Amino acid sequence: MDVQHASTEMGVVEAATERPVAAIESAIDSLEALDPLVLSLLILAIAGLGLGGWWIVRWFRRPPGVRLQRVLAEYDDVTVLMHPNPDPDAMACAMGVAAIADDVGTETTLQYPGEIRHQENRAFRTVLGLEVDQIASGSELASDAVVLVDHNTARGFTGAQTVEPVAVVDHHPGNGTGTKFTDVRTEYGAASTIIVEYLEELGAVTEADEEDGLTLTAELATGLLYGIQSDTDHLTNGCSRAEFDACAYLFSEIDEDLLERIANPQVSDDVLQIKATAITEKRIEGPFAICDVGSISNTDAIPQAADELMHLEGVTAVVVYGENDGTIHLSGRSRDDRVHMGETLRHAVNDIPMANAGGHARMGGGQISVDHMRGLGPSDGVDKAEFEERLFAALSGER
């Protein structure tokens with residue numbers, strides 16, 4: 001009985017073994033029956049798929065800095081475009097991308113819409129010898145290939161909506177992307193931090209090394225450090241671990257004299273006047289302060305006035321606004337965990353036609369057309385008293 005049972009089991013095993021062998025032999029026979037040309041094409045297709053998959057895996061496993069440089073190397077020249085009225089973070093990013101492009105023989109032109117008026121921004125540009133061109137329309141872009149830095153959607157000039165950047169490097173929220181490269185890190189406090197990581201990934205050398213290749217110059221290191229400082233309020237607001245690591249990487253190459261000259265520029269009389277108005281004319285409700293500084297000629301003074309009000313004891317969030325050339329400009333600051341300033345300003349203006357506002361948790365800004373605020377378009381309009389009530393309600397989370 002046992003012998004018979006064992007014999008049966010062996011027969012089952014042999015049958016099971018024979019089935020895959022037969023299947024393999026059948027497949028081989030089928031392949032041999034194929035036309036040699038068809039067989040060759042099939043083998044090439046399989047090899048191509050394997051090679052393509054390997055290349056894709058390798059491409060996406062490359063560090064972002066390496067991938068950006070490969071994209072830049074595809075062009076003879078590119079435009080590095082900053083956002084309107086660029087700040088030190090935007091200008092430092094542009095400097096970094098230009099250095100990375102130069103390392104692969106790609107020429108760059110640094111451009112921006114708007115104006116550079118803030119004394120800190122003017123000092124940054126002058127002290128570091130930054131060559132940048134102002135534009136008013138898309139036809140003035142220096143090349144078809146555009147790289148956006150410190151913003152992810154072109155804006156602030158005629159034809160901006162038609163710009164399709166080849167690359168985007170940013171830390172602000174938004175849906176803008178590059179056709180070939182996108183690196184948006186909203187958890188970072190400054191876009192300059194991302195550029196610093198690129199330089200490290202690409203093995204940038206210092207001027208003391210006296211080697212050819214991508215070089216971290218004193219001007220570039222100083223610019224990137226100040227870009228990080230300016231966007232994080234000297235590493236006290238909105239920082240990630242990456243900001244501190246980036247500053248440590250840059251530290252040995254910083255020029256302290258250049259840094260001091262950028263950080264301590266002279267202040268114009270109109271800026272001081274607007275700061276004084278914000279301090280003396282502010283309206284305070286609980287921990288929140290709001291001030292209308294009236295008609296102004298220098299819109300860059302508004303965020304500076306907001307920064308000044310944040311020094312008031314007991315105040316945790318502020319909004320300063322003023323009118324220039326038919327537009328009301330808003331700037332807000334917050335150190336209150338209950339107040340996301342970008343969302344606060346957006347909620348305050350969301351039903352005013354043609355108004356826009358937004359930003360980060362700690363700082364935000366916006367613009368409102370005076371005509372639309374007064375009722376032009378599908379709204380009844382809103383006066384300044386009512387508008388301030390909206391702002392206080394939004395700061396309190398009631399709007």
Side-chain angles (χ1 to χ4, degrees), residues 68 71-72 75 77-102 106-174 176-178 181-185 188-196 198 219-220 222-232 262 299-300 303 358-360 363 365 367:
L68 174 62
V71 170
L72 295 173
Y75 302 94
D77 53 88
V78 299
T79 294
V80 185
L81 184 63
M82 295 165 275
H83 56 68
N85 314 317
D87 57 10
D89 190 29
M91 289 187 280
C93 287
M95 292 173 66
V97 171
I100 293 170
D102 182 66
T106 300
E107 294 185 5
T108 55
T109 303
L110 279 50
Q111 297 186 301
Y112 69 95
E115 298 180 5
I116 299 177
R117 291 186 297 188
H118 191 300
Q119 67 270 5
E120 175 191 56
N121 301 347
R122 296 200 311 270
F124 186 98
R125 175 184 182 177
T126 303
V127 171
L128 297 180
L130 193 60
E131 295 185 7
V132 291
D133 297 335
Q134 184 183 37
I135 64 169
S137 70
S139 63
E140 297 177 47
L141 290 169
S143 59
D144 293 332
V146 175
V147 177
L148 299 185
V149 293
D150 201 29
H151 65 311
N152 55 67
T153 303
R155 63 180 188 272
F157 58 93
T158 304
Q161 69 277 6
T162 66
V163 174
E164 294 186 2
V166 298
V168 168
V169 180
D170 190 22
H171 72 121
H172 295 97
T177 60
F181 179 88
T182 303
D183 192 357
V184 178
R185 308 184 196 181
Y188 279 23
S192 292
T193 305
I194 304 172
I195 300 296
V196 173
Y198 292 169
E219 291 79 10
L220 179 55
T222 303
L224 288 167
L225 178 82
Y226 198 78
I228 294 170
Q229 286 188 333
S230 68
D231 252 34
T232 61
I262 297 169
T299 57
D300 288 320
H360 294 292
M363 63 178 64
Q367 296 85 37

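What's counted below: heavy atoms across the whole structure, side chains too, no hydrogens, waters or symmetry copies. Not measured: the values here are computed from a predicted model.
One side chain, Arg117 or Thr299, offers a donor N or O that lies under 3.5 Å from an acceptor on the other. In summary, the side chains of Asp170 and His151 do not present any donor paired with an acceptor at a separation below 3.5 Å, with no hydrogens or angles considered. A side-chain N or O of Tyr198 and one of Asp183 form a donor-acceptor pair less than 3.5 Å apart. Between the side chains of Thr109 and Thr79, not a single donor N or O lies within less than 3.5 Å of an accepting N or O. Remark: the Ser230 side chain and the Asp89 side chain contain no N/O donor-acceptor pair separated by less than 3.5 Å. A donor-acceptor contact closer than 3.5 angstrom is absent between the side chains of His118 and Asn85.
Between Phe124 and Tyr226, the ring planes lie tilted relative to each other; the angle falls in the 30° to 60° range.
The distance from the CE atom of Met363 to the OG1 atom of Thr232 is 8.5 Å, given to the nearest 0.5 Å. Here the CG-OG distance, from Leu224 to Ser192, works out to 5.0 Å after rounding to the nearest 0.5 Å. The CD atom of Glu107 lies 13.0 Å from the CG atom of Leu72; values are rounded to the nearest 0.5 Å.
With a 4.5 Å cut-off on side-chain heavy atoms, Val80 and Val149 count as touching. Taking the side chain as every heavy atom from C-beta outward, Tyr188 and Ile194 approach each other to under 4.5 Å. Under the 4.5 Å side-chain criterion, counting only non-hydrogen atoms from C-beta, Ile116 is in contact with Pro86. Here the side chains of Asp231 and His171 are in contact, with some heavy-atom distance below 4.5 Å.
Checked by atom type and distance alone, the side chain of Asn152 pairs as donor or acceptor with a backbone atom of His172 at under 3.5 Å.
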